[in-house]
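Heads up: the structure comes next, in structure tokens.
Because the structure is predicted, anything quoted here is derived from the model rather than measured.
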Amino acid sequence: MYNYESYKLHEENIIKMIGETDFDTLQRLYFEEGFTSSWLVNLLNKNLDPLLESDPGASWLTIGDGRYGSDAHYLIQKGFKVMATDISDIALKIGFERGFINQYQKENAEHLSFIDKEFDYCVCKEALHHFPRPYEAIYEMLRVCRKGIVLMEPYDMYIFTTCRQILFRLIVEKLCRFRFFKKFLGEIKRHTYEDAGNYVYKFSRREIEKIALGLNLHYLAFKDYNMSHEFGAADEKIGPYAPGYQRIKRKIKVFETLSKFKFSQPTNICVIIFTGQPSKETIESLRKNLYEVIKLPENPYARQKK
């Protein structure tokens, strides 16, 4: 089946990328603060802060943490016990040897080797859309977690959009035929593939709600956010005279303005699927950090736990 081939291609792509990166660039990209790459990593990982603040003793698992364990590193810095995993352990081994992370395993997200409820939480950040069968991975993450999973993924702009958003998307699709607009806004396509060979999945709130309801789970949290990347800017020192870094900030500001006035969906969505009812402290912390906490309807025919 193609899912085996897809994971193999992705692992080979990671090995190739590491082999082509010189040591100085590697140092700037992943192991030093103050560069665009680490700034973007921390910007996304701040979405975890409400859970970290409300549940300081929780254990964590990271999935698709192939950037040398940078997600695990963020959690470790906050004082948490973390297991870092990825489809290839080559980058994780380097991160471990440099003291960036303190434990790791090579794992296929569709077939995790951990026992049921071994961790409190799991985070899969900008990795799920690389998987050939992302829903299999979601089910596995929920299986090994006691409290919930966090997903940060691109938003599907072709689902549940308003008439204004549909019109704006059509205009942008036309404009992106020109190099300037394509470079600034990014290419908008209904279907996208990456060089590694995988189809790029994009997600919506409605899809996540159906996954939760199918498993008789009732509590979700959503947070929309906007993100951008700039090719070649990752190892640039952040500051007022860093052109790539400044372009990324401008793009994010443009996307935030467009989504604020409902011309487009946000570029990304952060989802928390809880396996049970979150604590009052967790709900308050999430809402304080601009999450929308949702209680889904009960299944009237499911056997209720006593």
Take Tyr68 and Phe100, measure what ring pair (Phe, Tyr, Trp, His ring centres under 6.0 Å) needs, and give me the verdict at the end.
CA-CA 8 Å; Tyr68 303 89; Phe100 199 56; 7.9 Å; no

Pairs of donor and acceptor atoms involving the side chains of residues 80-94, under 3.5 Å and at least two apart or interchain, shall be tabulated with distances.
unit_1 : atom_1 : unit_2 : atom_2 : d
Thr85  : OG1    : Thr62  : O      : 2.6
Ser88  : OG     : Ile90  : N      : 3.4

I'd like to check [X] versus [Y] (side-chain heavy atoms, cut-off strictly below 4.5 Å). Are they in contact?
X: Ile248; Y: His229; value: no
X: Tyr155; Y: Ile269; value: yes
X: Lys202; Y: Met157; value: no
X: Ser285; Y: Glu281; value: no
X: Ser228; Y: Phe255; value: yes
X: Asp65; Y: Ser70; value: yes
X: Leu220; Y: Val293; value: no
X: Asp224; Y: Arg205; value: yes

Quick check on Lys253: does its NZ atom have over 12 non-hydrogen neighbours (other residues, nucleotides or ligands) under 6.0 Å away?
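At most 12 heavy atoms, drawn from other residues, nucleotides or ligands, come within 6.0 Å of this atom.
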
Sequence neighbours excluded, which residues qualify as salt bridge (Lys or Arg N to Asp or Glu O under 4.0 Å) partners of Arg164?
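Not a single residue meets the salt bridge (Lys or Arg N to Asp or Glu O under 4.0 Å) criterion with Arg164.
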
Atom [atom1] of [X] and atom [atom2] of [Y]: how far apart are they, to the nearest 0.5 Å?
X: Leu48; Y: Ile272; atom1: CG; atom2: CD1; value: 8.0 Å
X: Glu33; Y: Ser38; atom1: CD; atom2: OG; value: 4.5 Å
X: Met152; Y: Asn268; atom1: CE; atom2: CG; value: 10.0 Å
X: Arg143; Y: Ile138; atom1: CZ; atom2: CD1; value: 15.0 Å
X: Lys78; Y: Asn45; atom1: NZ; atom2: CG; value: 9.5 Å
X: Glu194; Y: His130; atom1: CD; atom2: NE2; value: 5.0 Å

same_hphob_cluster([X], [Y]) at 4.5 Å side-chain heavy-atom cutoff:
X: Phe114; Y: Tyr139; answer: yes
X: Ile294; Y: Leu290; answer: no
X: Leu51; Y: Leu43; answer: yes
X: Ile115; Y: Ile63; answer: no
X: Leu217; Y: Tyr135; answer: yes

Check [X] against [Y] and note the closest heavy-atom contact, atom names and distance.
X: Ala109; Y: Tyr7; result: CB-OH, 4.5 Å
X: Ser259; Y: Asn226; result: OG-ND2, 3.3 Å
X: Met141; Y: Cys124; result: SD-CB, 3.8 Å
X: Asp120; Y: Ala58; result: OD2-CA, 3.2 Å
X: Ala221; Y: Tyr291; result: CB-CD2, 3.9 Å
X: Cys270; Y: Asn47; result: SG-CB, 4.0 Å

All ring pair (Phe, Tyr, Trp, His ring centres under 6.0 Å) counterparts of [X], not counting sequence neighbours:
X: Tyr74; value: none
X: Phe168; value: Phe263
X: Tyr241; value: none

Kindly indicate, with the supporting measurements, whether the criterion side chain to side chain contact (heavy atoms under 4.5 Å, CB included) is fulfilled by Val271 and Val150.
CA-CA 6 Å; Val271 178; Val150 185; over 6 Å; no

Chi angles and distances behind the side chain to side chain contact (heavy atoms under 4.5 Å, CB included) call for Tyr193, Val200
CA-CA 6 Å; Tyr193 291 88; Val200 179; 5.9 Å; no

Look only at the side chain of [X] and the backbone of [Y], and say whether a donor-acceptor pair between them is shorter than 3.5 Å.
X: Thr36; Y: Ala233; result: yes
X: Gln246; Y: Gly239; result: yes
X: Gln165; Y: Thr162; result: yes
X: Gln265; Y: Ser204; result: no
X: Asn216; Y: Ala302; result: no

Going by distance alone, is a donor N or O of one side chain under 3.5 Å from an acceptor N or O of the other, for Glu107 and Ser113?
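Side chains of Glu107 and Ser113: pair found under 3.5 Å.
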
Going by distance alone, is a donor N or O of one side chain under 3.5 Å from an acceptor N or O of the other, for Thr282 and Ser54?
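Distance-only check passes for Thr282 and Ser54.
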
Report the C-alpha distance between His218 and Glu298 in whole Å, list the side-chain angles of each, state the deciding distance to 0.1 Å, and finish with yes or no for side chain to side chain contact (heavy atoms under 4.5 Å, CB included).
CA-CA 7 Å; His218 306 293; Glu298 299 281 345; 3.2 Å; yes

Who else is in the cluster with Val41 when I, L, V, M, F, W and Y are joined by side-chain contacts under 4.5 Å?
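None; Val41 is a cluster of one.
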
Report yes if the distance between the aromatic ring centroids of Trp39 and Tyr245 is under 6.0 Å, otherwise no.
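Yes, the ring centres sit under 6.0 Å apart.
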
Answer with yes or no after comparing the ring centroid distance for Phe131 and Tyr201 against a 6.0 Å cut-off, counting only values under it.
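Not close enough - the centres of the two rings lie 6.0 Å or further apart.
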
Hey, is [X] close enough to [Y] for a salt bridge, meaning N to O under 4.0 Å?
X: Glu256; Y: Lys251; result: no
X: Lys288; Y: Asp49; result: no
X: Glu207; Y: Lys210; result: no

Passes side chain to side chain contact (heavy atoms under 4.5 Å, CB included), Tyr219 versus Thr275? Steps please.
CA-CA 7 Å; Tyr219 289 91; Thr275 57; over 6 Å; no

If the plane angle is over 60° it's perpendicular, under 30° parallel, otherwise tilted; pick one for Tyr199 and His191.
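Tilted, since the angle between the ring planes falls between 30° and 60°.
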
